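One-based numbering along the sequence shown. Note that ligands are numbered from 1 as they come in the structure, with each ligand's atoms numbered from 1 the same way. Not measured: the values here are computed from a predicted model.
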Amino acid sequence: MRGVQREPPSASDPPRIVLELRPLPNYPKRCSRCGEVVAEIHDVSERRVRDLPILEAETWLVFPRARLECPRCGPTVEAVPWLDRYQRLTTRLAAAIARLAQVLPIKHVAAWFAVGWETVKQIDHRALAQRLGPVDLTAVRVIAIDEFAIQRGHRYATVVVEVPTKRVLWVGRGRGREDLRAFFTLLGPEGCRRLEAVVMDMSTAYLEEVRAQCPHVTLVYDLFHVVAKYGREVIDRVRVDETNRIARAAGPNDPATRARRRVIKGTRWLLLKNRTNVTRHTDRVRLRELLAANRALFIVYVLKDDLKRLWRFRYPGAARRFWRAWYRRAMASRLPALQQFARNLAVRIDGVISHCRYPLHTGLLEGINNKIKVLKRMAYGFRDDAYFFLKIRAAFPGIP
Ligand SMILES: [Zn+2]
């Protein structure tokens, strides 16, 4: 085969190399379906495909490709082993695109190789499907189930993770009971029997399905979700109640009222944050003033910190004693939102205590949640769920 520069370079165009390939004389042509040598050639046409860049120049291969009349398969084309399935580029270029798409957004890969966005997506999708294959569920014993938003308020999905290895096992559309059933079908009766524990959020619809499919499993509620629920149901509620109470007590236009409301206003993030993460001096002062000025907020803030400590116990007896003390303080608070939260949690407390037997790294579900948001920002999300879900699986291949 010989290479020929066919197009004269011009100063304005990006550099481009065109290589013309010619078959060796008497080189046998093979059917692209069955691989057998075929003698009967229907016709030959010129094909142009992209290849890896040479010295940063966009590189094209031009070659004749025959249409054949295969005695076994009928009309077919000549096999070209280095041509990618989409036929517009070489396999080695497709492989390079797939490698880069593992770490960069599609847009950047497309710009780097000067190929279309859709082409990069298709190649990456296919490479992921091939690499990840069907999931191996034979040794799965402890899983975590969580939901995430594909489009907030519109479309949701469910992710199942193997806890010890942080491997994403399954991602499916929806967040209802029926949506999760597909995972258990995949797991099979044998796998359901093998399952020991399921970690999840208290307030999801998954619970009933888990109970129905695997009645023997231990339920575990994770810190991330319980504390988030506490933030929504207790801290947010008490903040609003306190702001209203101050307004009612002295009238909204009283200057003292305005000053006290200002202390509470915009403090949600400060109250929900981990105390150790409040590092700026002004924020620390503000938090101190806020808690000193308001008894109710002080109580819910301290009880939030103590609630988190429940997940540090390794002995169920000690955890239970700590819980009973926490519950008494919550009930003594005279704050209805806090009392209601405590009563609800009391019904499910076994699921918190079981954390002693099945400890979960506190950052696991939060980490997966955050990573999914990053993947979504890289703009895989909205167009193609199947592809998006593969990207999530690829981001959590598991640690052996
Ligand atoms: Zn054939």
**Q.** Donor-acceptor contact below 3.5 Å, side chain D124 vs main chain V120
**A.** no
Q: Using 2.8 Å as the cut-off, note every protein N, O or S atom close to the Zn ion (ligand 1).
A: C31 SG, C34 SG, C70 SG, C73 SG
Q) Is a side-chain donor or acceptor of T59 paired with a backbone partner of I17 at a separation under 3.5 angstrom? A) no
Q.
Taking the cut-offs as 6.0 angstrom to the six-membered ring centre and 45 degrees off its axis, would you call R92 and W82 a cation-pi pair?
A. no
Q: Inspect the surroundings of CZ in R321 and state if more than 12 heavy atoms from other residues, nucleotides or ligands are less than 6.0 Å away.
A: no
Q: Apply ring-ring contact (aromatic ring centres under 6.0 Å, His included) to Y156 and F148, showing your working.
A: CA-CA 6 Å; Y156 289 85; F148 62 92; 8.8 Å; no
Q.
So that I can tick it off, tell me whether R65 and E78 are bridged by a salt bridge, with the cut-off set at under 4.0 angstrom between side-chain N and carboxylate O.
A. no
